[in-house]
Structure formats: structure tokens, C-alpha cells
There are 2 protein chains.
Amino acid sequence: MASYHHGNLRETLLAEARKQLEKEGIDKLSLRALARTVGVSQTAPYRHFPDKNALMIAMATSGFEELRQYLVARSGASPDLDSALVEVGLAYVDFAKNNTALYKLMFGPALANKESCPELYESAESCIKALQALIQLKLSAPESDETLWYITINAAALIKGHTSMILEGIDNCHPDTGADFDLSKALKVFLSMLP
Amino acid sequence: MASYHHGNLRETLLAEARKQLEKEGIDKLSLRALARTVGVSQTAPYRHFPDKNALMIAMATSGFEELRQYLVARSGASPDLDSALVEVGLAYVDFAKNNTALYKLMFGPALANKESCPELYESAESCIKALQALIQLKLSAPESDETLWYITINAAALIKGHTSMILEGIDNCHPDTGADFDLSKALKVFLSMLP
DNA sequence: GTCTGATGTTACCAACGTCAACATTGTTGA
DNA sequence: TCAACAATGTTGACGTTGGTAACATCAGAC
């Protein structure tokens, strides 16, 4: 027989939410259904999260931590700097593809208001900073510090933009030849343009 | 006295939805509230849209048409090609900033499934193609056709990525000097890297 | 002038987020 | 040891939402 207290409800809810998020999509994610599948009353989640949005923010925050670890792991396993730079881009996109709903949640309405959930912003910005730190390693050319910085942000934007287009299903195949779009080629083309 | 038939419900609903979208955000947008403010019964909208998502798709579609027109207008008013390229990027971001909720809707869950709403994808891709056509004008260098194509997509991704970061409120100010991020400078830096 | 289809209304349903009041449990200090 | 307390879980309810079915009203075609 089940005990009155679940004992681990908060983490169980987060895990089940994460599962449902990827399986059913974000709009089919309801606190009630979550409680039901976990086998607890409909209002029990409110003992661990003030409201539904808090649950979302908790998921998003853990998502940023996962993403950060994934990026450093993938890029760290590369032999040289150039391949590490390509790899971090590929890794970022892979994470988004393998955790599409979570990724959209991370950059979705959850972090709409900066001051309401500062810890979310911290993890988000630290994640980008990690990416930028890696990119900056590449740029030891005799450029001005300001130019270097803009190139770095451009690289980050480039990866984010490719991620968006891929998630949106926009197939950037060649209009004439019909050749498939190859992300790693695109990243290498950008790298070759660096000073 | 009001007549039984509204006469222009579909467009009135779209206009009011657009207004509410920017004012209250997408999650506060309900068909019932819409019908109420328009002064019609709660189920009247279902005579013009099969469900709520159809209303969203209709808004998104018109949004893409607006965006396309805005881009050609802004870029067409530029004196030379280089400034036109910078201008199209600035215009894209401006549109997103001036119509944030609509922009997020356009690239949000509405166009999640490609085959369910092909006309949305058409307008979205035609919009990107227009942007790419302009960019391709710049690239008459003796590069391979494939490289040219990848540079074009990179430019599109760059703009999309900057848009995302700006909408997400990530301030890319310089970590040392604290100088504000300047989008047009970033775009010019990218342009200067082109072959 | 009647018939028909388009449009709007009323009544209803299931599901959701959330709150208040109550029940049960683990813990802690006398 | 045990009573008080805080944490956790349950029950019941309220208001709102998206959506369906049946009915009402109107405009235009024959």
C-alpha cells in the first residue's frame, strides 16, 4: 500500500513533466494530468510549486544547466580549436533537436520578464558567455577589441539563428541544385571568414 | 439597435486579436474574451474559424505578408547595396521589436507542423527567400556557387539569431568596457568579412 | 414568396488553474 | 515519551476556457 506522503514529489513531478513535455508538447502539459500520472491528488503539486509557471521555470533552469554541460563536454573532446568551434555549434543545435520542446521552453515565455526570474537569466547568460569564451579563443588577430567582441556576438547569433531555422523546419536546400543544407559546412564557411 | 448579423466578424476578430495579442500577450488571448469585446456571442467566432489555432494561423500568415512588405520597403529606400543589406537586418529586428508577440507567434507553435498548414510555410519561406535574394546580390565574388549559398544562409541565420537574443532581453554589452551592443555595427562587421 | 445556406445564439460539456479547509505524516524540543 | 508544529497530501469548490449540438435569424437565389 502506498504511504500518505510521496516522499519525492518535487523531483518526480519535474521528471514526469520533462517526459510529457517532449512526448505531448508544451500546450498539452497540465498540472492535473501530471499529478494524475504520478498518482497523487490534483492539488498536491501546489505544495512544491506556487503555480504552473514555477514548474516551467524550474524545468527551464535545469535545461540551461544541461545545455551548458553538454556544450563544454562536446567542445572539450575536440582535438583543436577550429574543430572545437564547429563542434560547439553542432552541439548546440543537437541539443535543441534532441530536446526541442525543452529548448523552446527555455527561450520561450518563461524568460519573458527579466526581473521576475533573475536566476533563469543568470543561467541563460552564463550559458551564452561560455559559448562566447570559447569563440574568443579563436580571435587572437590584431583587430580592435570592439571588433573582436562584435565578431563573437555574431558567431553566437549565427548558431542561434541556424538553430531557429532548423527547428522551424525551414529546409535551406540549394534552390538550384536542391542539395541538402549541411550545418557543419555552413559553420566552416563562417570560420573561414574570420580575420 | 444592432443587427443580428455582424457583417464583418472575421476581420473584426482578427483586428481585435492582433490588438489583444500585443497588449496582453499570447497566453491571455482567448476566443471567448475576443468575442465578448467585439460584442458577439462566445461561439460566433467558430463560424469563421474552425478552432482557436486557425485564428492564430490566420494572424501569423498576415504577419508574414506584413514583414515581407516592410523588409522590401526599408531595404528599397537605401542608396546603395551595402546600406541596403544593413537596413534589411535592422528592419527585420525592428519588425520583431515593434510586433514582438506577433513575431513570436509567427515562428512559434503555429508553424510547428509543416504539412498541416502549408500556406503558412509558403509565406514564411518566401519571406526568407526575399531576404536571401537581396543578400545574394552582394555576393558576386569569384566564390563557388555552394559557398555563396552557405554565406547567404549564414547571413539569414545571423539576423534571426540577433533578433532572438534581442527579444530575449540578453544584453550583449561589452564585458570589460560595458559599452552597449550596437546592432548596425555588428551587421557591418559581418558585411566586412564577406569575400 | 419560399427555400436554402450563411451567420449568430443558447445551452451544455469536459478540462484546466487555483484556492480554502481539512487530513495525515515526520520532526523536534520539553 | 509525547505533544506541538511544520510539511505534505486530499477533498471540494469556483471561475474560465475550448469546443459541440441544437436552434434562431437573416440575406439572397430560384
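To find a chain, count down the sequence lines: A is the first, B the second, and so on, and within it residues start at 1.
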Practice problem: Decide if the gap between the ring center of B:Y103 and the ring center of B:Y92 is smaller than 6.0 angstrom. | Solution: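 Yes, ring centres under 6.0 Å apart.
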Quiz item: Ion pair present between A:E24 and A:K19, side-chain N to carboxylate O less than 4.0 angstrom?
Solution: no
Quiz item: With A:Q69, which residues qualify under side-chain contact (heavy atoms from CB on, under 4.5 Å), at least two apart?
Solution: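 A:Q69 satisfies side-chain contact (heavy atoms from CB on, under 4.5 Å) with A:E65 only.
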Quiz item: For A:R32, what residues pass the side-chain contact (heavy atoms from CB on, under 4.5 Å) criterion, not counting sequence neighbours?
Solution: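 side-chain contact (heavy atoms from CB on, under 4.5 Å) check on A:R32 returns A:S30, A:R36, A:Q42.
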Spacing of [X] atom [atom1] relative to [N] atom [atom2], expressed in whole Å:
X	N	atom1	atom2	value
B:L31	D:dT20	CG	P	11 Å
A:E24	C:dA15	CD	P	15 Å
B:D27	D:dT16	CG	C1'	14 Å
A:R10	D:dA7	CZ	C1'	15 Å
B:N53	D:dT17	CG	P	18 Å
B:L13	C:dG8	CG	C1'	12 Å
A:L34	C:dA15	CG	P	16 Å
B:D51	D:dT20	CG	P	8 Å

Quiz item: Counting distance only, does the side-chain N/O of A:N154 pair as donor-acceptor with the main-chain N or O of B:L158 below 3.5 Å?
Solution: no
Quiz item: Between the side chain of A:T177 and the main-chain N/O of A:H174, is any donor-acceptor distance below 3.5 Å?
Solution: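 No, the answer is negative, given that no donor and acceptor are paired below the 3.5 Å cut-off.
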Quiz item: Which of residues 42-50 of chain A sit near DNA chain C, with a heavy atom under 4.0 Å from it?
Solution: A:T43, A:Y46, A:R47
Exercise. With heavy atoms under 4.0 Å as the rule, sort B:S30 into base, sugar-phosphate or nothing.
Key: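 The answer is sugar-phosphate, as B:S30 gets under 4.0 Å only of primed atoms, P, OP1 or OP2.
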Quiz item: Of the nucleotides C:dT10, D:dT10, C:dT18, which one has an atom closest to the side chain of B:S41?
Solution: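 So the side chain of B:S41 is nearest to C:dT10.
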Quiz item: Is any side-chain nitrogen or oxygen of B:R32 closer than 4.0 Å to OP1 or OP2 of D:dG15?
Solution: no
Quiz item: Is B:R36 near enough to C:dT9 that one of its side-chain N or O atoms lies under 4.0 angstrom from OP1 or OP2?
Solution: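 No, B:R36 has no side-chain N/O under 4.0 Å of OP1/OP2 on C:dT9.
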Quiz item: Would A:K160 count as a cation-pi partner of A:F107, with NZ or CZ less than 6.0 Å from the six-membered ring centre and within 45° of the ring normal?
Solution: yes
